[in-house]
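Here the structure is a predicted model, which means the values were calculated and not measured. Here is the naming used below: chain letters follow the sequence lines, and residue numbers restart at 1 for every chain.
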Number of protein chains: 2
Amino acid sequence: MSRLTINDVARAAGVSKGAVSFALNSRPGVAPETRARILRVARDIGWTPSSRARALSVSRALAVGLVIARPPDTLGADPFFPSFIAGLESVLSERGYALLLQVVANDDRETPSYRRLVDEGRVDGVFLTDLFMDDPRPALLAELGLPAVVIGPALGDGIWPAVGVDDAPGIIGAVEHLVALGHSHIGHVAGPRGMVHGHSRQQAWSGALLRAGLAPGPSIEADFSAESGAAATRQLLDLAEPPTAIVYANDLMAMAGMSLAQSRGLDVPRDLSITGYDDTEIAAHLQPSLTTVSTDVIEWGRAAAKRLLELIDTQPPTDIMLPPAQLVVRNSTGPVRADLQGRTKTTHRRRQTTRGARRMEKQ
Amino acid sequence: MSRLTINDVARAAGVSKGAVSFALNSRPGVAPETRARILRVARDIGWTPSSRARALSVSRALAVGLVIARPPDTLGADPFFPSFIAGLESVLSERGYALLLQVVANDDRETPSYRRLVDEGRVDGVFLTDLFMDDPRPALLAELGLPAVVIGPALGDGIWPAVGVDDAPGIIGAVEHLVALGHSHIGHVAGPRGMVHGHSRQQAWSGALLRAGLAPGPSIEADFSAESGAAATRQLLDLAEPPTAIVYANDLMAMAGMSLAQSRGLDVPRDLSITGYDDTEIAAHLQPSLTTVSTDVIEWGRAAAKRLLELIDTQPPTDIMLPPAQLVVRNSTGPVRADLQGRTKTTHRRRQTTRGARRMEKQ
DNA sequence: AGCACCACCTAAACCGGTTTAGGTGAGCTT
DNA sequence: AAGCTCACCTAAACCGGTTTAGGTGGTGCT
């Protein structure tokens, strides 16, 4: 029963409610021993300031919002959010902030959602996720005067700070790993080019090929869903010269692609090497286990939360260093088949079955 | 800029602020035309009531909480929450409620989290998830006077209403499906028995075996993680008489189990049939695609939200019907191998087999 | 005409904090 | 001894709504 108010504390401590407020927020003007007494009384009777009342008087919501603009079914398969939210929470809660969640269909471009949050004064700032290349949201929020932090690669418009793990090192790592295994014909299944993280991973991929001195391989745009990953893989394998390795923009598409390849009788990694991105829990337990790129999503969430709170408090931004994405090499990648290595025009036909000599999962 | 207050509206409409409040909340005592004028003015100048102020004066937080008590990495692999949250949101937002999220490590048994939420007056009610068999939380919340709705199978203590999809029909469907395919030695990889949904799926499983007239098959307790699913599968396959089919308590464990079986050279479903539970997005795209149990999680979320709001408003509970879980037959289940059929002595009686008749995945 | 009644609206209290403007007394100047 | 400063504390305004207790004027009844 939070029937207790600051008045009860004031009365019990024999001071005015103003004094209690001062003591609680450790502001000057209260004698040390009085402060101690007030705090002790407050603790003894078990009083916690009402954040409702606080929010009203400080004209702050003491909450920040995370608006997720995706169709819920796509969402379900994304391992990103739960961990990310855990990271956010760990910072927010110790600062007395709450996290408000909103999931909206992404076809309404969620403008009304933000408007409502800010109109109703529910949040002091928001995290922006799943940004499109020409997304109206940053400008909208600037206009509304609501602080925001962009999650993901920087947008380049400089309106809001971006907090993200650079996609490039991970993708480059994957490409270099494949090149080292002898692959020279590497395909890519990308996320939507219209979305910033789809775009940036795509960029990272072509940059990495360039660095490796390889010709640009075939790249197919998908939408991060299993369905689209399978379809894209089908297209790549149907090419006159199918790639010997495929770099996927996320694990889900990679899994779907791997299954599709296997259903066609290809052996992974003997006939086709595959890399994912995310390092989902299941990745290590697939057959073969999936070589993928791992990022510390929890730390990412922590960083984003810190940044947003700084922005809200108009504090100077601190340097936030995120650990770079790291390639985790497992068993879905292997040396290119000798008969396919460096081939130019020869097409490789599918092999029926290659069961047997298969590297076992470590563990 | 939400600088606008109810006073601005009152002034512009030439009435008192009380009148504006009455008009807005459609309470009697305002002439129809006056009400219309007030609402028009409010809309014209673009005013939305501040939920901060509202929350303080109505002594309600106008928000509900979802405390997720799991290690974040386990969380990531669970497709449940995002969809569930989407369902919650769709009901909450239209009622002007916000959803507060909190992710806590589950080792602190999250008591402090709830306490804080209620002490600070941040929420009017909470959803309880991942309940343990002897969970202290329902009682704690009752003591704190904070309405709650249990997500999942009913706990039987009757303190709070439970909203959940009955696990039994899905599991029973899976078992019957396997029995129809000729399996008589069916294993189970369960969730933690200490958790209600682990427990209930386990119960459903043994109940289904009983119904089918089969002896209780081997059951191994796991923890819903991929890692544990693989380990449990290993144990089952290492039995003197390994089961010809395994029913898993979730997709993640089923996937890990399937991969493990394949890495041992087993063919799914020829040598081993496998069923999951959840119907995650990837399930349909595995090789072979996974036979699993699908529940309408979004609708579930909607139902839970409705129920909690009713509880908060102390309205009479309405009947909430959730569509039952449904078995989705795909390719990870098939007829038992003839040489293995009925080989166990413990079999009580066999049901006729329905070979070949497999519903194909739609798409 | 006088009165009760009702519909409509206003003024002010209230929710529980924060914050500002004062007030009080001790200690120090002059 | 009067005056000043300063540290400490109190009273009251304030945040922006809701809600209660009145107030006003018009209508119906006798």
Atom pair distance, as rounded to whole Å: CD1 in Ile38(A) and P in dC9(D): 7 Å
Any Asn25(B) side-chain nitrogen or oxygen under 4.0 Å from OP1 or OP2 of dT18(D): yes
Distance test, side-chain N/O of Ser21(B) to OP1/OP2 of dT18(D), below 4.0 Å: yes
N or O in side chain of Thr5(B) less than 4.0 angstrom from dC15(D) OP1/OP2: no
Cationic N near anionic O, under 4.0 Å, Asp119(B) to Arg116(B): no
Any Thr34(A) side-chain N or O less than 4.0 Å from OP1/OP2 of dC9(D): yes
Interatomic distance where CD belongs to Glu33(B) and C1' belongs to dC8(C) [whole Å]: 11 Å
Point-to-point distance, once rounded to the nearest 0.5 Å, from CG of Leu92(A) to CG of Leu308(A): 7.5 Å
Proximity to the side chain of Ile6(B) - top-ranked nucleotide from dG17(D), dC8(C), dC15(D): dG17(D)
Nucleotide N/O to protein N/O under 3.5 Å, stretch nucleotides 10-13 of chain D:
residue : atom : partner  : partner atom : Å
dT10(D) : OP2  : Ser16(A) : N            : 2.9
dT10(D) : OP2  : Ser16(A) : OG           : 3.0

Parallel, tilted or perpendicular: ring planes of Phe81(A) versus Phe84(A), cut at 30 and 60 degrees: perpendicular
Touch class at under 4.0 angstrom, heavy-atom based, for Ser51(A) against every strand present: nothing
Residue pair Arg137(B) / Thr129(B): nearest heavy atoms and the distance that separates them: NH2-O, 3.1 Å
Stem segments of DNA chain D by first residue number [Watson-Crick or G-U, under 3.5 Å, at least 3]: C:1-30 with D:1-30
Rounded distance (Å) that lies between atom C1' of dT19(D) and atom CG of Leu24(B): 14 Å
Rounded distance (Å) that lies between atom C1' of dA7(D) and atom CZ of Arg35(A): 13 Å
Ala31(B) vs Ser59(B), nearer the 5' end of DNA chain C by closest nucleotide: Ala31(B)
Ring centre gap for Trp160(A) and Phe127(A) strictly below 6.0 Å: no
Distance-minimising heavy-atom pair for Trp47(B) and Thr5(B): NE1-C, 3.4 Å
d(CZ, Arg54(A); C1', dC15(C)) in whole Å: 16 Å
Trace of the side chain to side chain contact (heavy atoms under 4.5 Å, CB included) decision for Val64(A) with Val126(A): CA-CA 5 Å; Val64(A) 294; Val126(A) 295; over 6 Å; no
Interatomic distance, Arg60(B) CZ vs dT18(D) P [rounded to whole Å]: 13 Å
Side chain to side chain, Ile45(A) and Val9(A), heavy atoms closer than 4.5 Å: yes
SB check Asp313(B) Arg60(B) (cutoff 4.0 Å): yes
Contact summary for Ala12(A) and Val41(A), nearest pair of heavy atoms: CB-CG1, 3.6 Å
Interatomic distance where CG belongs to Asp8(A) and C1' belongs to dC15(C) [whole Å]: 14 Å
Separation of atom CH2 in Trp47(B) from atom P in dG17(D), rounded to whole Å: 5 Å
